[in-house]
Amino acid sequence: ERLDAAGGILLPGFVDLHTHLREPGREDTETIETGSAAAALGGYTAVFAMANTDPVADTAVVTDHVWRRGREVGLVDVYPVGAVTVGLAGTKLAELGTMAAGAAAVRMFSDDGKCVHDPLLMRRALEYATSLNVLIAQHAEEPRLTEGALAHEGPTASRLGLTGWPRAAEESIVARDVILARDAGARVHICHASTAGTVELLRWAKAQGIAITAEVTPHHLLLDDSRLVGYDPVNKVNPPLREVGDTVALRRALAEGVLDCVATDHAPHAAQDKCCEFALARPGMLGLQTALSVVVATMLTPGLLDWRGVARVLSERPAQIVGLPDQGRPIVVGEPANLVLVDPDAVWTVRGAELASIADNTPYESMELPAQVTATLLRGRITARDGKVVDRSWND
Ligand code: DOR
Ligand code: ZN
Ligand code: ZN
């Protein structure tokens, strides 16, 4: 099969360190198959599937199932993330070693959705992860500061009467984990950094030579809490949409490399869990098929990154962070390549119902976004082309 790349931008396949695929447990909102389709259409060749499934991915039985199902579907490499603790935010470490030694060879662990809250448990997890050479990714949220919180604590939340989720809930855990990682000589990865203060902590930690990395989501780059007037639950997410000043700080930090990469936190939810009252709605939004366009709108168009930089934050850095040797690099002559061909001049209108995910909860509904994926190649084979997935389930 031939691809006409004229006028296009060729990039290494994108790597998402933070995807919720909902299988097992909530196949009414996303499956490994539908999530893989969304990933391929979004330009991804590898995704890390978070552990907050039902059952939780805290044993090799679950992580190996996710891995095998991903291979069967064949559209994107699905790397399961194992839970750090039994049951997520539990009191006991999960068997990281068993998951790392399983068929999936789990290389990243996270209790995302919840925070590894107990400092002693976090310390032990970091030591355990260092001995296994795997990565711990932390959803930084001090739960004692976010109880009942619905939105970023600030003028907008006060005006709307929504209980606030303070910056300190994120920053206090980031600060603590920086110190724990330093003292354990361990690596730690911060999920979805969302505040200007987190950026300053990361800047300091990196200047000290502490082995910390961090991701930012497309929605925290583009959207802020002014979207909450109207109380549309589609804008509810954890961590919450912050203030304009935070989005500016996050964009700058991503351009400078203080924030390492973009990760989607793709979080599909059923319509009935995203409707009605803001207070009752679940947090989270779709991200896989809109990530590139949002990065172009927030980073490339304003001149904060060039295409080389886009490749760095969507592919190269995330691949380095988890140590995927066959991802995140441009063509190596003679080897099957993971590639995305992008039409930089395309403009498209987002329609949640047309996205490949079963769920439709996109905050970008009806928005016009720049740039579109023309084709995605996984190990030299086309997985998506012109907005359609190529059936690969026969698995060559
Ligand atoms: O908004 C979020 N949604 N944040 C999380 O931490 C979890 C995620 C989910 O699983 O829905
Ligand atoms: Zn999270
Ligand atoms: Zn998440």
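For ligands, and for the atoms within them, numbers begin at 1 and follow the listed sequence.
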- Polar side chain donor-acceptor pair, H152 to R242, under 3.5 angstrom: yes
- Item | Sub-4.0 Å atoms of ligand 1 with respect to non-hydrogen atoms of D112 | 6 (O)
- Note on the structure: among protein heavy atoms, the one nearest atom 1 (O) of ligand 1 is N238 N, 2.9 Å
- Heavy-atom side-chain proximity of Q320 to C261 below 4.5 angstrom: no
- Starting from atom 6 (O) of ligand 1, locate the nearest protein heavy atom and write down its residue, its atom name and how far away it is, to 0.1 Å. H139 CE1, 3.0 Å
- Item | Metal proximity, H192 vs the Zn ion (ligand 2), N/O/S cut-off 2.8 Å | yes
- Query: Applying a strict 4.0 Å limit to heavy atoms, is R22 in contact with ligand 1?
  - Reply: yes
- Quick one: look up the protein heavy atom nearest atom 7 (C) of ligand 1 and list residue, atom name and how far away it is. G113 CA, 3.8 Å
- Can you tell which part of R282 has a heavy atom less than 4.0 Å from ligand 1: side chain, backbone, both or neither? neither
- Identify whether the distance between the nearest side-chain nitrogen and carboxylate oxygen of R71 and D77 falls below 4.0 Å. yes
- Task: Run the contact test for H269 against ligand 1 with a 4.0 Å cut-off on heavy atoms, strictly below, and give the result.
- Result: yes
- Electrostatic pair E256:R251 at N-O distance under 4.0 angstrom: no
- Which atoms of ligand 1 are found less than 4.0 Å from any heavy atom of V237? 1 (O)
- Query: Does D112 bring an N, O or S atom to within less than 2.8 Å of the Zn ion (ligand 2)?
  - Reply: yes
- Can you tell me if C191 has an N, O or S atom under 2.8 Å away from the Zn ion (ligand 3)? no
- Query: N/O of P283 under 3.5 Å from N/O of ligand 1, yes or no?
  - Reply: yes
- Message: To 10 degrees, how wide is the angle NE2 (H18) to the Zn ion (ligand 3) to NE2 (H20)?
- Response: 110°
- Message: Looking only at N, O or S atoms, which one in D265 sits nearest to the Zn ion (ligand 3)?
- Response: OD1
- Would you call R107 and L324 a side-chain contact if the rule is heavy atoms closer than 4.5 Å? yes
- Sort out for me which residue in W67, F109, Y79 forms a ring pair (Phe, Tyr, Trp, His ring centres under 6.0 Å) with F48. Y79
- Message: I'd like to know if K114 pairs up with E141 as an ion pair, taking the criterion as any Lys NZ or Arg NE/NH1/NH2 lying under 4.0 Å from an Asp or Glu carboxylate oxygen.
- Response: no
- Would you say the ring centroid of H139 lies under 6.0 angstrom from that of H192? yes
- Message: Less than 4.0 Å is my threshold; does some heavy atom of H20 fall inside it relative to ligand 1?
- Response: yes
- Item | Passing option when N338 is tested against L378, V15, L11 for side-chain contact (heavy atoms from CB on, under 4.5 Å) | L378
- Task: Indicate yes or no: does D260 engage R312 in a salt bridge with an N to O separation below 4.0 Å.
- Result: no
- Tell me whether H139 has at least one N, O or S atom under 2.8 Å from the Zn ion (ligand 2). yes
